[in-house]
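Okay, so here's the structure we're looking at.
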Amino acid sequence: MTLISDNLSRVQDRIAAAARRAKRDESSITLVAVTKTHPAETVAAAIEAGLRHFGENRVEEATDKIPAVGMRYPEIVWHMIGHVQSRKAAKVAGLFDTVHSVESIKLVRRLSRFAGEQRRVLKVLLEFNLSGDENKDGFKINGDNIDHDVRLLRQINEIVALPSLQIDGLMTMAPIVADPEQARPVFRALRELRNQLSRRYATNNWQHLSMGMTDDFEVAIEEGATLIRVGRAIFGARKR
Ligand SMILES: *Cc1c(COP(=O)(O)O)cnc(C)c1O
């Protein structure tokens, strides 16, 4: 408990400093505490330390953990940040408030369908792969201007029309690099893409940029992150 609150206050100081450097209001940045591999008791300790937003990356793990925590703390907001297999879309649509890792047209169709069946409005972020790594998940953009990528535009046209979803913005995973500065171009590209999308699809709310983790969240904040996903800096190294 003291370890978590000590770590948390250090992370909050770093968030505040990065926000100051970028001349941003700190309240525009939400810390999503990534509790994957950690038990419900750890989540409870983090809630007692003041955290409200939590991220999980595996559906199996979240299936027990979210209701266990929710019984005592119903006000907690849960973020799905990991790869979602299509066959788990129904479960995800019922468990989580926001899905950051929406990376295919097939998945987003299914999330829409299952959210509708459960009479929910699911918040989603579109995950983009901007690092050029073909093996990574995410939508890709051909070139650097959506107006010139007809295939992507066709997909977005369909996505913004889907029912039971609220498209809130974009998410990306930066490449793992030795120096966080090397991730900056990826974060900047996500912000630029968001700006293009919000000009073209002005009726949607593209406010969120989910980017930045333990090693690079300060750079992400300088580039406009509104949701940072931080695990190790709060909970220490993961065992698995
Ligand atoms: C695990 C994970 C994080 C948090 O990583 P840390 O390095 O522990 O801060 C963030 N985003 C995603 C998608 C993750 O899977």
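Each ligand, and each atom within it, is numbered from 1 in the order the structure gives.
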> Under the salt bridge (Lys or Arg N to Asp or Glu O under 4.0 Å) rule, what pairs show up with a residue in residues 171-187, not counting sequence neighbours?
Replying inline: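 Qualifying pairs: Glu181-Arg184, Arg184-Glu222, Arg184-Glu223.
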> Does anything in residues 148-172 pair up under salt bridge (Lys or Arg N to Asp or Glu O under 4.0 Å), and if so which pairs, sequence neighbours excluded?
Replying inline: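 Output for this query lists Arg109-Glu158.
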>> Less than 4.5 Å apart, side chain to side chain, heavy atoms only: is that true for Phe139 and Ile156?
In response: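 Heavy-atom side-chain distance check fails, nothing below 4.5 Å.
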>> Counting C-beta onward and ignoring hydrogens, is there a side-chain heavy-atom pair between His79 and Asp97 closer than 4.5 Å?
In response: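 No, their side chains stay 4.5 Å or more apart.
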Please state which protein non-hydrogen atom is closest to [atom] and give its distance, to 0.1 Å?
{"atom": "atom 12 (C) of ligand 1", "result": "Ile81 CD1, 3.4 Å"}
{"atom": "atom 14 (C) of ligand 1", "result": "Lys36 NZ, 3.0 Å"}
{"atom": "atom 11 (N) of ligand 1", "result": "Arg229 NE, 2.9 Å"}
{"atom": "atom 7 (O) of ligand 1", "result": "Arg232 NH2, 2.8 Å"}
{"atom": "atom 9 (O) of ligand 1", "result": "Thr214 OG1, 2.5 Å"}
{"atom": "atom 10 (C) of ligand 1", "result": "Met213 SD, 3.3 Å"}

> Applying a 4.0 Å heavy-atom criterion (strictly less than), which segment of His100 is in contact with ligand 1: side chain, backbone, both, or neither?
Replying inline: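 Neither; no heavy atom under 4.0 Å.
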>> Can a side-chain donor-acceptor contact be found between Asp133 and Ser131 if the only test is distance below 3.5 angstrom?
In response: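 Result is no, nothing qualifies.
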> Using a distance-only test with no angle check, is there a side-chain donor-acceptor pair under 3.5 angstrom linking Thr30 and His53?
Replying inline: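 Note: Thr30 and His53 side chains miss the donor-acceptor criterion.
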>> Only heavy atoms of Val230, strictly under 4.0 Å: list the atoms of ligand 1 that pass.
In response: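 Within the 4.0 Å cut-off of Val230, ligand 1 contributes 9 (O).
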>> List ligand 1 atoms under 4.0 Å from Gly231, heavy atoms only on the residue side.
In response: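 Those of ligand 1 that fall under 4.0 Å from Gly231 are 4 (C), 6 (P), 8 (O), 9 (O).
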>> Heavy-atom contact check, 4.0 Å cutoff: does Arg238 meet ligand 1?
In response: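 The answer is yes, since Arg238 has a heavy atom less than 4.0 Å from ligand 1.
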>> Could you check, using the six-membered ring where one of them is a Trp, whether Phe96 and Trp78 have ring centers closer than 6.0 angstrom?
In response: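 No: the rings miss the under 6.0 Å criterion.
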